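Only this structure's heavy atoms are used, side chains among them; waters, hydrogens and symmetry mates stay out. For clarity, every value in this text was computed on a predicted model and none was experimentally measured.
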Amino acid sequence: MNHLMKRYRKGALLGLFIVLLNAAGAWQVNGANIPTRPENNAFTSDFAGLINGQDKRSIANVQKQAYTQHSVPIIVVTITTMGEYGGVSIESLAHEWFNTWQIGTLGLKGSRRANKGILLLVSLGDRKARIELGADWGRLWDNHAQSIMDKAIIPRFKKRQYSEGIREGVKALGRLAAQDPSSKPPEPSFWQKVTDFKTKSNNPLSPFSIGVTHILVIGGIVFIVLSFFYPENRGLFLKIGIGLIVAALFLYIIFAILAMFARGKSGGGFGSGGGFSGGFSGGGGASGSW
C-alpha cells in the first residue's frame, strides 16, 4: 500500500510540474505587451536610457543612409527587462516586436525588396540582445548577423559600454543593409572562426536568461504542493515555497521601479517622414548575452 502511495505521489508531482511549465510557456508566447510604434517615426526607442547623445547622432546617420539609399529601416529598441512586456525569451519578444511595428518598406512605391527591415532589441536587466531580420533576408544571413552580435556588440556590453556597443552594432548593420539578400554573405577567415569560438566559449550565462522570476514562482508553487504530500516536512517546504515566491515578487518590483525611471527616455534619433511600415520577420537573426 505504501509503495503504491509513493508511486501515486511521484506521478502526481510530475504531472503538476509539467502543467506549470506548459502554463509558463503559454504565458511567455501569448503575453507580450508591445508598445505602439512611435508617432514621430523615430528609428530609435531608448526606453532603458542606454545611448548617449553623441552616439545617438552617429546611429541616426547610419539609419538615415540605410533607409534612404537601400530602403532598409534599422530600428533600435532598448528596454529595462523583458518581463515588463510579458516575455522571457529574447527571440520570441523580438519576433513579435518586429511584426507588431511592421518593420519594413512595403508601404513605399517601387520598393523592389521591401522586407529587409532590421531590429536590434537590447534588454538590459536580462542581459540579452537580439538582431531580428525581415523575411527577405531568409536564414542565409544568420551567421553574419551572429558575427555582428559577437564582435561588435557583446564584447562592449560585457564592459558595460552599452552606448558604444549599440553604435558599433548599428554601423555593422548599416553595412549589412547595403547587401543584396540573395547574394552570398562574406565568409569569415579561419582565424576569425577561431576567435568566434573562443568568444562564445567564454560567454557567461545570464542569471536572467531563462526568466528567473518565473522559475522562482514555479519552484515556490511546487514546494507548497509538496508540503501537502509530505506532512512531516510541511513546515520546511512551506517556508521554502513562500520564500521563493517572495523573492520573485521582490525582483519584479525592482524591475518595475527601474522601468519607471527609464520610461521618459524613449524616442530620438532618425525619423523618416513616411515612416516604416508593412514588414514582417522571417525568423532569422542572431542572439547574444553577456
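You'll find the side chain of T80 stays beyond 4.5 Å of the side chain of F47, heavy atoms only. The side-chain heavy atoms of V76 and I51, taken from C-beta on, include a pair separated by under 4.5 Å. Annotation: side chain of I118 is in contact with side chain of L133 (closest heavy-atom distance under 4.5 Å). With contacts defined as side-chain heavy-atom distances shorter than 4.5 Å, the pair L124/T78 does not qualify. Put simply, the side chain of S163 does not reach to within 4.5 Å of the side chain of L50, judged on heavy atoms. The closest side-chain heavy-atom distance from L119 to V77 is below 4.5 Å. Using a 4.5 Å cut-off on side-chain heavy atoms (C-beta onward), I242 and F223 make no contact. Looking only at side-chain heavy atoms (C-beta outward), L140 and P185 come within less than 4.5 Å of each other.
With 3.5 Å as the limit, one finds a donor-acceptor pair spanning the side chains of D180 and S182.
Proximity of a side-chain donor or acceptor of K128 to a complementary backbone N or O of L121 within less than 3.5 Å is not detected. The backbone N or O of I34 sits nowhere less than 3.5 Å from a side-chain atom of W97 that would complete a donor-acceptor pair. Counting only distance, with no hydrogens or angles, the side chain of D55 and the backbone of R167 share no donor-acceptor pair below 3.5 Å. Although no hydrogens or angles enter the test, the distance criterion places a donor-acceptor pair under 3.5 Å between the side chain of Q63 and the main chain of F43. A donor-acceptor contact shorter than 3.5 Å links the side chain of Q146 to the backbone of S287. When atom types are taken as modelled, the side chain of S227 and the backbone of L238 share no donor-acceptor pair closer than 3.5 angstrom.
In this structure, E91 CD and E132 CD are separated by 8.5 Å, a value rounded to the nearest 0.5 Å. Taking OG1 from T100 and NE2 from H95, the interatomic distance works out to 9.5 Å, rounded to the nearest 0.5 Å. In this structure, CD1 on I79 lies 6.5 Å from CG on D126, to the nearest 0.5 angstrom. Annotation: the span from W290 atom CH2 to M149 atom CE amounts to 8.5 Å, rounded to 0.5 Å. Between atom CE of residue M82 and atom OG of residue S92 there is a gap of 8.0 Å, rounded to the nearest 0.5 Å. Separating the NZ atom in K159 from the CD atom in E164 is a distance of 10.0 Å, to the nearest 0.5 Å.
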Is there a side-chain hydrogen bond (donor to acceptor under 3.5 Å, both in side chains) between R127 and S289? Walk through the geometry before answering.
CA-CA 6 Å; R127 298 170 66 182; S289 60; over 6 Å; no

Take I153 and V122 through the test side chain to side chain contact (heavy atoms under 4.5 Å, CB included) and record every step on the way to the result.
CA-CA 10 Å; I153 300 175; V122 178; 5.7 Å; no

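Residue V72 comes nearest to K116 through the heavy atom pair CG1-O, 3.1 Å, listed as atom of the first residue, atom of the second, then distance. The two residues W137 and L176 make their nearest non-hydrogen contact at CH2-O, 3.2 Å. When all heavy atoms are compared, the tightest approach of A286 to A145 is CB-C, 3.5 Å. Minimum heavy-atom separation, N115 to I103: OD1-O, 4.1 Å. Heavy-atom minimum distance, I245 versus G220: CG1-CA, 4.0 Å. For W101 against P38, the heavy-atom pair with the smallest separation is CH2-CD, 3.6 Å.
Under the side chain to side chain contact (heavy atoms under 4.5 Å, CB included) test applied with I148, the options V170, L173, L120 reduce to a single match, L173.
You'll find the ring centres of F98 and F280 outside the 6.0 Å limit.
Relative orientation of the F237 and Y230 rings is perpendicular, given thresholds of 30° and 60° on the angle between their planes.
Environment of CZ in R234: crowded, with over 12 heavy atoms of neighbouring residues, nucleotides or ligands closer than 6.0 Å.
Contacts of T68 classified as side chain to side chain contact (heavy atoms under 4.5 Å, CB included), with partners at least two apart in sequence or in another chain: K64.
Under the 4.0 Å criterion applied to side-chain N and carboxylate O atoms, E168 and K171 are assigned as salt-bridge partners.
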